[in-house]
Amino acid sequence: MHVLILGGTTEARRLAGLLHGTPGLALTSSLAGRVANPRLPPGEVRVGGFGGAEGMAGWLREHAVDALVDATHPFAGTISSNAASAAALAQVPLLALRRPGWVPVEGDAWHEAGSLEAAARLLPGLGRRVFLTTGRMGLAAFAHLDDLWFLVRSVDAPEPPFPARMEVLLDRGPFTLDGERELLRRHRVDVLVTKDSGAAATAPKLTAAREAGVPVIVVRRPPAPEGVPEVTTPEAAARWVMRHPVRGTP
């Protein structure tokens with residue numbers, strides 16, 4: 001049995017760890033290659049794109065993949081759409097492993113935005129010193145906001161276009177609550193921008209913002225492909241994989 005896992009997320013690595021070493025199971029993890037030094041999962045790893053849905057479908061057929069798990073980031077909408085189309089073309093069972101989104105609690109001052117551009121439009125009315133945690137991709141949406149100062153946190157250094165008044169913090173989660181409190185205090189942050197990526201590793205910033213009375217702009221997730229079954233834990237995904245027989249067998 002050959003299983004392909006899409007994604008370099010924590011959940012994808014956890015799933016690979018659960019499946020690796022299972023007798024009779026060949027495992028391949030596919031990483032997009034957008035991070036210079038990714039944390040590698042156990043098992044076989046490929047890096048780079050497939051060339052769209054048709055290219056992925058061809059790869060699935062060529063490598064006799066029996067089950068496909070989309071464990072990409074919740075904002076990787078293009079690859080999730082391609083995975084759904086490729087699975088249908090190659091007639092390979094597909095499961096989406098999606099971490100739950102964040103839910104506001106009492107005391108949160110959240111402002112939802114449907115895109116990075118919408119978040120940029122909200123910013124001038126909420127603060128002047130911005131903690132931007134949406135990653136290095138998409139900074140162009142904020143590049144025109146010359147009157148605001150940005151603290152941009154990302155794993156790798158961003159490339160232009162980006163805001164003129166910007167300090168870059170290269171770091172990778174998980175982050176601690178004490179660390180996030182100190183970050184907001186030291187940089188006098190008065191507004192936070194984040195994607196609803198979910199997961200505990202980056203959630204402490206939300207608690208720190210709530211404690212400090214800092215408003216948060218939360219960018220909503222793109223819609224998931226219709227008709228694809230979803231689970232929220234690597235353990236559930238592993239059980240799904242093991243229930244699927246090798247293609248061509250009863």
Side-chain angles (χ1 to χ4, degrees), residues 3-13 15-16 28-36 38-41 45-63 65 67-102 112-120 132-143 152 154-162 172 193-199 202 217-232 234 237:
V3 179
L4 175 64
I5 301 173
L6 303 176
T9 59
T10 300
E11 292 78 15
R13 291 192 298 273
L15 176 59
T28 303
S29 294
S30 180
L31 311 184
R34 292 182 175 178
V35 176
R39 294 171 178 167
L40 297 179
V45 176
R46 70 173 299 278
V47 178
F50 291 91
E54 298 242 352
M56 187 186 299
W59 199 97
L60 295 175
R61 296 190 194 100
E62 179 184 351
H63 294 83
V65 172
L68 173 63
V69 180
D70 174 14
T72 56
H73 193 277
F75 281 81
T78 299
I79 188 66
S80 291
S81 177
N82 287 344
S85 298
L89 288 170
Q91 297 186 319
V92 172
L94 168 65
L95 177 74
L97 172 54
R98 292 275 181 271
R99 66 182 74 152
W102 290 317
E112 289 196 353
S115 65
L116 293 176
E117 290 74 17
L132 189 59
T133 65
T134 56
R136 66 187 179 93
M137 311 295 289
L139 292 185
F142 305 92
V152 174
S154 63
V155 176
D156 294 318
E159 297 179 357
F162 44 60
R172 188 198 305 256
V193 183
T194 183
K195 293 178 176 177
D196 180 18
S197 56
T202 57
I217 298 176
V218 180
V219 181
R220 293 190 300 270
R221 297 178 175 191
E226 293 184 3
V228 178
E230 292 189 12
V231 296
T232 58

Test log, rule side chain to side chain contact (heavy atoms under 4.5 Å, CB included), inputs T194 and V218: CA-CA 5 Å; T194 183; V218 180; 4.3 Å; yes
Find the distance between [atom1] ([X]) and [atom2] ([Y]) and round it off to the nearest 0.5 Å.
| X | Y | atom1 | atom2 | result |
| --- | --- | --- | --- | --- |
| K195 | S115 | NZ | OG | 11.0 Å |
| R39 | L31 | CZ | CG | 13.0 Å |
| M56 | I79 | CE | CD1 | 3.5 Å |
| I5 | T72 | CD1 | OG1 | 12.0 Å |
| E159 | L139 | CD | CG | 10.5 Å |
| L68 | T28 | CG | OG1 | 11.0 Å |

V69 and its side chain to side chain contact (heavy atoms under 4.5 Å, CB included) partner, picked from L94, L15, L6: L15
What heavy-atom pair brings [X] and [Y] nearest, and what distance separates the two atoms?
| X | Y | value |
| --- | --- | --- |
| G114 | V219 | C-CG1, 4.4 Å |
| A224 | E230 | CB-OE2, 3.5 Å |
| P229 | L95 | O-CD1, 3.4 Å |
| S197 | T202 | OG-OG1, 4.0 Å |
| A53 | A86 | O-CB, 3.4 Å |
| N82 | G52 | ND2-CA, 3.9 Å |

All pairs passing salt bridge (Lys or Arg N to Asp or Glu O under 4.0 Å) where residues 79-89 contributes a residue, at least two apart: none
Compare all side-chain heavy atoms of [X] with those of [Y] and state whether any distance is below 4.5 angstrom.
| X | Y | result |
| --- | --- | --- |
| D70 | V228 | no |
| F75 | T134 | no |
| F142 | L132 | yes |

Listed partners of E54 passing salt bridge (charged side-chain N to carboxylate O under 4.0 Å, His left out), at least two apart: none
Under the salt bridge (charged side-chain N to carboxylate O under 4.0 Å, His left out) test, residues paired with R99 that sit two or more places apart: E11
Between the main-chain N or O of [Y] and the side-chain N or O of [X], is there a donor-acceptor pair closer than 3.5 Å?
| X | Y | value |
| --- | --- | --- |
| S154 | A157 | no |
| R13 | G7 | no |
| T133 | V193 | yes |
| D196 | W102 | yes |
| S29 | P41 | no |
| R46 | G49 | yes |
| S81 | G77 | no |

V65 vs V3, side chain to side chain contact (heavy atoms under 4.5 Å, CB included): CA-CA, chis, key distance, verdict: CA-CA 6 Å; V65 172; V3 179; over 6 Å; no
Residue pair S80, H73: steps toward the side chain to side chain contact (heavy atoms under 4.5 Å, CB included) verdict: CA-CA 9 Å; S80 291; H73 193 277; over 6 Å; no
Parallel, tilted or perpendicular: ring planes of H63 versus W59, cut at 30 and 60 degrees: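 Because their plane-to-plane angle is under 30°, the rings of H63 and W59 count as parallel.
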